[in-house]
Amino acid sequence: MELAYIPSPSSGVLYLGPVPLRGYAFCIIIGVFVAVWLGNKRWIARGGRAGTVADIAVWAVPFGLVGGRLYHVITDYQLYFSEGRDWVDAFKIWEGGLGIWGAIALGALGAWIGCRRRGIPLPAYADAIAPGIAIAQAIGRWGNWFNQELYGRATDLPWAVEITSSADGRMPGTYHPTFLYESLWCIGVALLVIWADRRFTLGHGRAFALYVAGYCAGRFWIEYMRVDEAHHILGLRLNNWTAVLVFLLAVLYIVLSARKRPGREAVVEPGAGDGKGPAADAGQTDGDAAGKDASAEDATTEDATDTDDAGKPGKSEKPDESEGPAEPEESKDGAGSAKKA
C-alpha cells in the first residue's frame, strides 16, 4: 500500500494568457541567476571587481546551453532522427534535454573568451563560480520533475516520485526520484567546495576541479539507478563511463596543479583594488586637467597682483639693495638646483 510519494505536476506549463511559462525553463533561469550572484560574491572576496562575473556569464551561459543541447542530441540521436521522429524536436530545448558534460565544456569555451577579453585568468574565474554552478544544477534538476523525466527504478519508498504521464514510453507508477538525489548531491558538492576552498586556500582551478570530481562521483551511482533509454558500453550507461573518465581527469589535475602551482593567485583581475583600470585612468585624466586649470588661474591671479590699477608694474623688477640680496630663483619654489638633481 502506497502511504506517501512525491506527486508530479499535472502539467509542466502554465499559461499567462497566450504566453507559456515552462517550469523547466524557469528552473534553468533561476539556477543561472543564483550561480552569478554567488560567483560575484566569491569573485569580489578574491579581489575582483563587482559585475565581472555577470559580464563573462554573458558569454558562458549561451555557449553552455548550446553545448548541453548538442551533447544530448548527439548521444540520444535516436530520439530525434530515427524513424517516426521529427528532427525539429531537437531544437525544442524547453521540453528537456541538456547534457551537463557538453554544457560545461562549451560553457568553459565561452568563459575563456570573456576572460581573455578582460585579461582575466580562466582558472581563477572557474574557482569563483564552481559552487554556484553546483547550486544551479541542483535547482535545474527540478525542471526534470516538471517534465516527469529522468527517474529511477520502481520503488514504494515514501519519497518515491509518482509518474502519471504515459507519453514517450513512460509507465505510470512510483519510482526513485533520481532528479531529487542529484539535486541534493549537488548542494552537498557546493558546500564541500566552499569548505575546502576556505580550509586549503584552493587556487589555479583546483576548486573547480574539486567540484567536477565531486559531481562525477555522485553522478555515477545516480546514473546507475536511472531507467530511461540510453546507450550502453560493456554493461554500463554512456554517462557512467563519462563520469569515470572526467572524475579521473579532475583528480589528476588537482594533484599536478598543486605540485606545479601551489597556493592561490595573488591577482585575479588586472587593476582591481589598486586604483588602476579604465575608470581610474579617466579619473586621473580629469584630475590632471583640473590641476592645470588651477595652475593657470593662480598664474593669472599673480599677474594681476603684480600690476597696479593703472596697469603699470606695482613693484620694480630690480631688487632693492636696502632689502638685502635677492633670493635665487630656485629658492622661491622651496627647492635648490641640488634638490632638482
Side-chain angles (χ1 to χ4, degrees), residues 12 22 24-25 27-29 31-32 35 57 59-114 122 126 133-134 136-152 167-170 178-179 182-183 185-186 208-209 211-213 215-250 253:
R22 303 182 183 278
Y24 186 88
C27 290
I28 298 297
I29 293 171
V32 169
W59 289 90
V61 172
F63 273 74
L65 290 175
V66 172
R69 188 59 175 178
L70 281 175
Y71 181 89
H72 167 72
V73 172
I74 291 172
T75 56
D76 290 311
Y77 61 88
Q78 72 280 356
L79 300 177
Y80 306 99
F81 303 105
S82 60
E83 186 178 354
R85 298 283 184 170
D86 187 357
W87 63 270
V88 176
D89 292 341
F91 297 95
K92 297 179 180 180
I93 192 173
W94 56 85
E95 293 183 355
L98 288 175
I100 185 60
W101 317 112
I104 294 297
L106 221 57
L109 175 60
W112 176 80
I113 295 174
L122 177 61
I133 293 178
Q137 288 179 252
I139 297 172
R141 274 306 177 199
W142 284 91
N144 302 131
W145 175 65
F146 280 100
N147 287 351
Q148 297 196 35
E149 60 185 1
L150 303 190
Y151 47 85
D168 295 327
R170 299 185 184 94
T178 51
F179 74 89
E182 187 168 335
S183 179
W185 183 269
C186 286
F208 184 82
Y211 144 71
V212 172
Y215 172 75
C216 289
R219 180 62 183 266
F220 182 87
W221 65 268
I222 294 171
E223 185 74 21
Y224 192 75
M225 297 179 65
R226 284 168 48 172
V227 295
D228 54 298
E229 186 178 357
H231 296 286
H232 287 72
I233 301 175
L234 299 177
L236 288 178
R237 294 164 65 96
L238 174 61
N239 283 331
N240 282 116
W241 289 108
T242 305
V244 171
L245 176 62
V246 176
F247 173 84
L248 293 175
L249 291 175
Y253 178 87

- Item | For Ala108 against Leu122, the heavy-atom pair lying closest together | O-CD2, 4.2 Å
- Task: Take Tyr77 and His231, measure what ring-ring contact (aromatic ring centres under 6.0 Å, His included) needs, and give me the verdict at the end.
- Result: CA-CA 10 Å; Tyr77 61 88; His231 296 286; 5.4 Å; yes
- Which atom names give the shortest non-hydrogen contact between Trp101 and Cys216, and what distance separates them? CZ3-SG, 3.6 Å
- Task: Go through the side-chain N and O atoms of Tyr71 and Asn239 and say whether any donor and acceptor fall under 3.5 Å apart.
- Result: yes
- Item | Test item: Thr178 side-chain N/O and Leu150 main-chain N/O as donor-acceptor pair under 3.5 Å | yes
- Item | Side chain Arg69, main chain Gly102, donor-acceptor under 3.5 Å | no
- Task: Please say which of Arg237, Glu149, Arg170 ends up in a side-chain contact (heavy atoms from CB on, under 4.5 Å) with Asp228.
- Result: Arg237
- Heavy atoms of Ser183 and Arg141 approach each other most closely as CB-CB, 4.3 Å
- Query: Any side-chain heavy atom of Trp142 within less than 4.5 Å of one from Phe179?
  - Reply: yes
- Task: For side chain to side chain contact (heavy atoms under 4.5 Å, CB included), just list the numbers for Phe208 and Ile133, CA-CA rounded to whole Å, side-chain angles, deciding distance to a tenth of an Å, and then say yes or no.
- Result: CA-CA 9 Å; Phe208 184 82; Ile133 293 178; 3.9 Å; yes
- Neighbour count >12 (heavy atoms, 6.0 Å) for atom CZ, Phe81: yes
- What's the shortest heavy-atom distance between Trp59 and Phe63, and which atoms? O-CD1, 3.1 Å
- Query: Judged by atom type as modelled, is there a donor-acceptor pair below 3.5 Å linking the side chain of Asn240 to the main-chain atoms of Phe220?
  - Reply: yes
- Can you tell me if Asp86 uses its side chain to pair, donor with acceptor, with the backbone of Val88 under 3.5 Å? yes
- Query: Just how far is it from atom CG of Leu79 to atom NE2 of His72, taken to the nearest 0.5 Å?
  - Reply: 5.5 Å
- From CA spacing to verdict: side chain to side chain contact (heavy atoms under 4.5 Å, CB included), Trp145, Tyr24: CA-CA 8 Å; Trp145 175 65; Tyr24 186 88; over 6 Å; no
- Message: Please give me the minimum heavy-atom distance between Arg85 and Gln78, naming the atom from each residue.
- Response: CG-O, 3.7 Å
- Pairwise side-chain contact, Arg226 with Tyr151, heavy-atom cut-off 4.5 Å (strictly under): no
- Item | Smallest separation among heavy atoms of Ala90 and Tyr80, with atom names | N-CD2, 3.5 Å
- With side chain to side chain contact (heavy atoms under 4.5 Å, CB included) as the test, would you mind laying out the steps for Ile104 and Val246 before giving the verdict? CA-CA 11 Å; Ile104 294 297; Val246 176; over 6 Å; no
- Query: Are any of the side-chain heavy atoms of Leu106 and Leu65 separated by less than 4.5 Å?
  - Reply: no
- Task: Could you check Thr242 against Arg219 for side chain to side chain contact (heavy atoms under 4.5 Å, CB included), going step by step and ending with a plain yes or no?
- Result: CA-CA 10 Å; Thr242 305; Arg219 180 62 183 266; over 6 Å; no
- Item | Reference residue Glu182; test side-chain contact (heavy atoms from CB on, under 4.5 Å); the match among Ile222, Ile100, Asn144 | Ile222
- Check whether more than 12 heavy atoms from other residues, nucleotides or ligands sit under 6.0 Å from atom CH2 of Trp87, and answer yes or no. no
